[in-house]
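Heads up, the thing below is written out as structure tokens.
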Amino acid sequence: MATAEEIARAADQRDIRNRWYLSAPAMLTIFFAAVGPLAIVLVYSFLTPGSYGDVKWQFSPEAWVSVLFERDIFDDTLSLAGAHMSIFWRSVKLAIVTTIITLAIGFPTAYFMATRSEKTRDLWLFLITIPFWTNLLIRTFAVLQIIRNEGIVNTVLMKLGIVSAPIQILYTDVAILIGMAYVYLPLMVLPVYASMEKLDFRLVEAGYDLYASRWQVLRRIIFPLVKPGVIAGSILVFIPAIGAYVTPSVLGGGKNMMLSNLIELQFGQGRNWPLGSALSITVMLIVMVALLVYVRNAGSQEVRHG
Amino acid sequence: MPEQPGKNAIEVRGVRKVFGAGDAAVAALDTVSVSIRENEFFTLLGPSGCGKTTLLRLIAGFDYPSAGEILLYGDDIALLPPFKRPVNTVFQSYALFPHMTVSQNIGFGLEMLGKPKAEVKARVAEMLKLVRMEHLASRRTSQISGGQQQRVALARALAPQPKVLLLDEPLSALDYKLRKEMQIELKRLQNQTGITFIFVTHDQEEALTMSDRIAVMSSGKILQVGSPWDIYDKPADRFVADFIGETNFLTASIAGIENGKARATLKSGATITASVADGFQPKGEATVVVRPEHAKLVKGKAELSGTVENVVYFGTDTHIHVRLDGSDDLFIVRQQNARSAGCGFETGDKAGIAIGDDAAQVLRD
Ligand SMILES: Nc1ncnc2c1ncn2[C@@H]1O[C@H](COP(=O)(O)OP(=O)(O)O)[C@@H](O)[C@H]1O
Ligand SMILES: [Mg+2]
């Protein structure tokens with residue numbers, strides 16, 4: 001006969017085994033969807049480019065070198081790859097500005113929604129999600145239609161006599177920012193709204209009661225309490241913005257490259273898959289570093305606890 | 001307590017507050033006027049939904065009246081935003097800032113008023129001492145008990161030295177013993193700070209024990225304002241008498257009012273003397289009330305008679321429920337308990353109820 005202790009131990013073991021079975025689907029998904037492809041990209045980045053695309057199975061650090069450096073064709077010396085640097089910087093800059101714009105528009109929007117009555121709140125939430133139903137490309141072309149030289153903005157401005165010639169918005173960074181801010185706005189509004197909705201508005205009244213002006217209430221009470229939502233929203237916007245492809249291609253006209261265009265170039269015309277792979281991983285690293293810096297700074301101002 | 005007309009801290013004049021519009025409009029306050037004196041512990045008492053919170057929010061500035069004036073030491077503040085009123089609130093839910101420590105919470109108001117750092121620090125220390133919370137100064141507000149949160153909420157509201165402190169059912173979330181403790185604490189704080197307190201409660205016992213004066217409210221109206229003694233002993237109408245303490249209601253036909261006394265003939269045929277408020281001219285049938293402790297149970301015949309139905313022992317006193325002869329009404333008599341003596345009556349006994357000359361009052365319905 002088994003003692004109670006033995007039975008308990010057997011149950012424990014069964015438990016551990018069950019846990020493995022239960023987590024298997026998740027593990028498989030993570031492996032095939034994330035770790036596996038990433039490993040392939042990582043391996044490719046250390047191989048030699050093939051002549052017609054693809055790779056030769058021959059180790060080479062060259063791709064990683066050319067992420068940051070340019071090799072002189074004549075004397076083989078290395079110099080910093082200015083083109084790549086400026087593309088990195090441009091992408092990071094545009095992603096940061098996009099995040100700031102979406103926050104500037106999204107925060108008041110979320111506040112507005114959270115202060116509506118229960119019923120109308122759901123309606124607003126529904127309206128915010130409508131753009132998700134439409135294909136990204138179509139939404140981007142819609143923006144293009146609005147801001148192009150013969151588009152509605154310029155037509156109205158000219159009819160009103162505010163400008164005599166159309167303002168060139170399309171194919172500029174401003175166009176890219178307008179497009180990205182529009183496309184990513186819901187990703188900011190939704191998490192900020194989620195925290196805002198949980199905000200106890202009696203705290204806002206308590207703030208006013210204790211002589212805080214509207215601005216002070218916003219800065220000292222509302223903002224610290226919805227910060228988790230702001231952080232989540234910023235991350236959700238920043239990550240896709242730094243790797244954005246469709247919007248910069250369509251609205252930026254391909255004149256000024258973004259990281260995604262550069263990567264696409266390596267896999268297409270450039271026929272340098274290892275460099276494309278190395279650049280992809282570089283984007284990931286930039287995102288990770290940016291997030292670490294951001295979350296560290298955002299978290300340290302005021303120690304939050306649940 | 002004698003009436004002492006003093007300076008008015010708050011004057012509410014003809015204030016109405018209507019929520020919603022059209023058919024859905026609700027008058028939460030229906031033309032309310034009341035004056036609250038300087039340094040007074042003033043209580044708004046009434047059942048849930050009668051408009052107490054609404055009146056407090058109008059004084060605090062979270063809402064604006066639909067009509068009427070609210071004066072603070074003579075200045076109309078009805079339309080000032082809350083951060084421009086020297087009035088602070090202790091919220092029912094405390095509403096402490098969860099992302100700040102106890103000290104930061106208490107110092108918040110002073111900081112917003114732009115007081116120098118040293119002054120804020122000194123005042124916070126003083127407040128912590130006042131509410132006996134020095135040892136928890138750097139705790140998060142979520143890491144302290146309900147009673148302690150209550151003290152912090154009080155300290156936070158008192159720190160900027162408001163002219164008037166508003167308290168919306170601040171004790172309702174506490175258990176019985178803590179509530180009793182905090183009642184005493186509140187009285188102490190009011191004495192020590194000399195600040196005018198406007199206190200909201202639906203608990204009549206709390207109101208009677210703590211207040212200098214009480215306003216009894218019902219359905220958006222103030223029915224009576226007076227000292228606890230006035231409210232209990234000379235209720236203005238049936239609602240007030242019913243809401244404050246226990247009362248026996250009798251129907252009587254009224255005849256011959258003289259010097260504020262009427263002769264009331266009860267259904268049993270007995271006639272008793274009942275006092276009538278000034279200016280009230282009851283005719284025909286009217287309500288007569290008798291407090292349970294003002295009636296006396298006797299063995300023989302008296303103004304009323306009936307059968308003892310229930311004897312309820314309360315420690316300090318005993319309530320005897322008597323079913324009146326000739327009607328289905330219950331009449332409750334309260335007797336102080338004497339040592340080692342029972343009340344002298346048992347269920348099923350026949351008993352008389354003696355009602356003295358001063359015991360009964362004729363009231364408006
Ligand atoms: N913001 C509001 N919108 C609509 N009706 C309200 C609002 N606030 C209070 N009321 C109504 O006004 C009445 C009085 O409410 P309140 O002042 O909170 O009562 P109390 O504090 O005495 O319980 C209630 O009928 C309540 O439903
Ligand atoms: Mg209330």
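These numbers come from the heavy atoms of this one structure, side chains and all, not from hydrogens, waters or symmetry mates. Per chain, numbering begins at 1; letters A, B, ... match sequence-line order. Just so it is clear, the structure is predicted and the values come from calculations on it, not from any experiment.
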Does any heavy atom of chain B fall under 4.5 Å from the side chain of A/Glu205, the backbone, both, or neither of them? both
Contacting region of B/Leu96 [heavy-atom separation from chain A under 4.5 Å]: backbone
I want to check a possible cation-pi pair here: A/Lys227 against A/Phe223, using under 6.0 Å from ring centre and within 45° of the ring axis as the test. no
Are B/Arg156 and B/Phe97 in a cation-pi contact, defined as NZ or CZ under 6.0 Å from the six-membered ring centre and within 45° of the axis? yes
What's the shortest heavy-atom distance between B/Leu128 and B/Ala137, and which atoms? CD1-CB, 3.6 Å
Report the option among A/Asp200, A/Val217, A/Ile221 that has the most heavy-atom pairs separated by less than 4.5 Å from atoms of chain B. A/Ile221
Distance, nearest 0.5 Å, that separates CD1 of A/Ile239 from CD1 of A/Ile242: 9.5 Å
Tell me, side chain or backbone of B/Arg57 under 4.5 Å from chain A's heavy atoms, or both, or neither? side chain
For A/Ala175 and A/Ile147, work out which heavy atoms get closest and say how close. CB-CD1, 3.7 Å
Ranking B/Phe62, B/Tyr94, B/Phe83 by heavy-atom pairs under 4.5 Å to chain A gives rank one to B/Phe83
